[in-house]
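Computed from a predicted structure; not experimentally measured. Throughout, protein chains are lettered first and strands after them, A, B, ... in sequence-line order, and every chain is numbered starting at 1. Side chains included, hydrogens not; waters and symmetry mates left out as well; all remaining heavy atoms used.
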2 protein chains.
Amino acid sequence: MKTDHNKSIESLKELIDSKNLIPNVSVDCTIFGFHDNILKVLLLKYHDLNLYSLPGGFVFIDEDLRAAAERVLYERTHLKGLFLEQFHTFGRVNRTENNVHKTLINNKGLDVPMDHWILQRFITVGYCSLIDFSLADTFPDAFNESCAWFEVNKLPEMAFDHDRIIAEGLNHLRKNIDTQIAASNLLPEKFTMKDLQCLYETILGEKLRRNNFQRKILSTNSLERMEKLYDGSANKAPYLYRFIKN
Amino acid sequence: MKTDHNKSIESLKELIDSKNLIPNVSVDCTIFGFHDNILKVLLLKYHDLNLYSLPGGFVFIDEDLRAAAERVLYERTHLKGLFLEQFHTFGRVNRTENNVHKTLINNKGLDVPMDHWILQRFITVGYCSLIDFSLADTFPDAFNESCAWFEVNKLPEMAFDHDRIIAEGLNHLRKNIDTQIAASNLLPEKFTMKDLQCLYETILGEKLRRNNFQRKILSTNSLERMEKLYDGSANKAPYLYRFIKN
DNA sequence: GCAAAAGTGTTGCCGATACACCCATGT
DNA sequence: ACATGGGTGTATCGGCAACACTTTTGC
């Protein structure tokens with residue numbers, strides 16, 4: 001454990017001293033997780049603080065902005081090729097006024113110049129993703145002691161303006177949910193129309209009409225109907241569907 | 001003229017040396033201009049180069065990101081309180097690979113360290129605005145020799161990825177055009193329905209049906225009908241309308 | 001009266017909604 | 001048979017497109 005801790009400090013120090021980062025810029029990912037009809041969001045807990053943040057990171061000088069977001073997503077989930085979209089850039093001066101980095105650096109006993117950009121105001125580019133949280137392990141980084149899923153309407157106290165970023169990210173997800181996104185590993189290979197409807201309802205946070213939903217989805221011609229599912233219950237067996245791959 | 005040139009160099013040098021700017025970050029404004037049924041976009045021409053760019057600028061360390069965009073808009077038009085919306089952040093590494101700043105600095109004979117961020121890759125946040133180009137004077141800056149309006153489908157060669165930024169900005173404008181935006185100084189106080197329709201058609205780049213357009217706009221209850229306009233032509237006089245201020 | 005442009009009416013289509021009914025299945 | 005829940009039919013509504021008709025105006 002001690003070595004882990006030293007390693008943490010080492011990598012933190014390295015990060016802060018790095019000349020290979022774009023100063024004053026970060027990316028933050030609202031990684032939404034769906035499973036069993038619950039919508040969660042992945043948050044990190046800072047060491048020794050009762051304060052949470054979005055998975056975020058800085059951008060290397062030779063790295064595409066989107067690639068930085070992909071890297072953040074990968075570092076926390078070890079998953080690649082996921083749905084990931086930029087939705088807004090947050091740049092108000094006071095968004096980082098309670099700069100938690102300062103406390104962290106002090107707590108770690110690191111020697112960082114007071115005029116270092118990590119202690120100043122910085123802007124952040126918000127990205128939005130969606131995965132199945134039961135399929136993803138999560139991996140905290142040197143800044144954080146834990147990496148955990150929180151239901152979107154039961155959020156803990158957030159650092160910076162991350163509560164606002166989550167709200168905007170969720171808004172983006174809701175406006176952009178479609179069968180392509182739903183198709184990416186959120187449901188089993190074969191699933192019932194009810195499964196898909198529950199996914200939509202959970203993301204949108206509202207009930208939909210069963211029959212109208214079915215028609216709307218089928219009219220997109222993105223589903224293929226398979227055999228029926230007999231689960232032993234005393235009712236008509238639903239058809240299974242799968243997404244048509246393009 | 002000589003003094004102006006020296007002043008230019010002075011302010012350029014000041015800008016580059018400034019410790020008060022966020023490095024590697026800029027804002028670029030797609031300032032669309034409407035008048036006489038023509039849609040233009042405001043471009044700057046670089047000194048001694050046959051290359052154009054969007055009005056852009058850097059962000060002061062104590063300045064809101066949006067305020068930086070407002071400042072850029074104000075510096076080029078001397079107008080305030082205009083429609084202005086962020087639409088996308090462009091962050092690919094190679095977007096600044098033909099860094100025109102290098103040429104400019106060489107041409108000016110400025111002494112800038114080769115590792116200065118202005119010569120490196122930087123990301124830019126795109127903002128979109130819309131004004132009446134006949135009402136706005138335009139003001140070039142030290143970097144540029146002229147500031148001029150170009151029709152959106154007759155663009156000259158653009159620096160960086162500014163052609164893409166314009167395309168995205170126009171797309172944003174088209175998706176967000178509404179009576180609120182149209183109300184902001186693009187038309188005279190009183191105008192005919194045809195005037196408004198022409199504005200929409202010019203921005204959207206497509207013809208609309210006269211009668212359906214009228215119904216659609218009136219159904220928003222954002223217009224107030226005034227007296228008729230007699231212009232001496234041999235046809236029924238159209239009503240004048242004005243926007244209802246909230 | 002006539003041409004030109006504005007105002008208004010009507011019809012049909014499409015998508016979304018809401019309600020209803022039928023069908024399959026295990027107890 | 002019957003309760004349960006899935007599948008499908010249909011009426012309605014609102015928005016929009018398309019077309020037609022009427023009105024106003026100066027020549």
Legend entry - Nucleotide range of DNA chain D lying under 4.0 Å from chain A heavy atoms: D/dA3 to D/dT10

Inset, instruction - Using the test side chain to side chain contact (heavy atoms under 4.5 Å, CB included), find all partners of A/H35 that sit at least two apart in sequence or belong to another chain. - result: A/D132, A/F133, A/S134

Inset, instruction - Using the test salt bridge (charged side-chain N to carboxylate O under 4.0 Å, His left out), find all partners of B/K40 that sit at least two apart in sequence or belong to another chain. - result: none

Inset, instruction - Sugar-phosphate atoms are those with a prime plus P, OP1 and OP2; base atoms are the rest. Using that split, label each nucleotide of nucleotides 12-22 of chain C B, S or - for protein heavy atoms under 4.0 Å, 5' to 3'. - result: -----BBBB--

Inset, instruction - Only counting residues at least two apart or in another chain, list the ones meeting side chain to side chain contact (heavy atoms under 4.5 Å, CB included) with A/A183. - result: A/F243

Legend entry - Pairs where residues 207-227 of chain B contributes a residue and the test ring-ring contact (aromatic ring centres under 6.0 Å, His included) is met, not counting sequence neighbours: B/Y200-B/F213

Legend entry - Partners passing side-chain hydrogen bond (donor to acceptor under 3.5 Å, both in side chains) against B/T202 (at least two apart in sequence or in another chain): none

Inset, instruction - Could you tell me which residues satisfy salt bridge (charged side-chain N to carboxylate O under 4.0 Å, His left out) with B/K154, sequence neighbours excluded, listed by chain and number? - result: B/E151

Legend entry - Contacts of type ring pair (Phe, Tyr, Trp, His ring centres under 6.0 Å), residue B/F32, not counting sequence neighbours: none

Inset, instruction - Whole angstrom is fine here: how far is it from CZ in B/F213 over to C1' in C/dA5? - result: 16 Å

Legend entry - Row check, B/Y239 ring normal vs B/R225 NZ/CZ: under 6.0 Å, within 45°: yes

Legend entry - Pair listing, salt bridge (Lys or Arg N to Asp or Glu O under 4.0 Å) test, anchored in residues 184-202 of chain A, at least two apart: A/E189-A/R242, A/K190-A/E227, A/E201-A/K207

Legend entry - d(OH, B/Y239; P, C/dA5) in whole Å: 19 Å

List the atom pairs, donor and acceptor, that lie under 3.5 Å between side-chain atoms in residues 62-69 of chain B and the rest of the protein, sequence neighbours left out.
unit_1 : atom_1 : unit_2 : atom_2 : d
B/E63  : OE1    : B/F60  : N      : 3.1
B/E63  : OE1    : B/R71  : NH2    : 3.0
B/E63  : OE2    : B/R71  : NE     : 2.7
B/D64  : OD1    : A/V93  : N      : 2.6
B/R66  : NE     : B/E70  : OE2    : 3.0
B/R66  : NH1    : B/L84  : O      : 2.7
B/R66  : NH2    : B/L84  : O      : 3.4

Inset, instruction - Enter the inter-axis angle for the ends of the helix from C/dG1-D/dC27 to C/dT27-D/dA1 (five pairs per end, rounded to 10°). - result: 30°

Legend entry - Separation of C/dA5 P from B/N235 CG (nearest whole Å): 6 Å

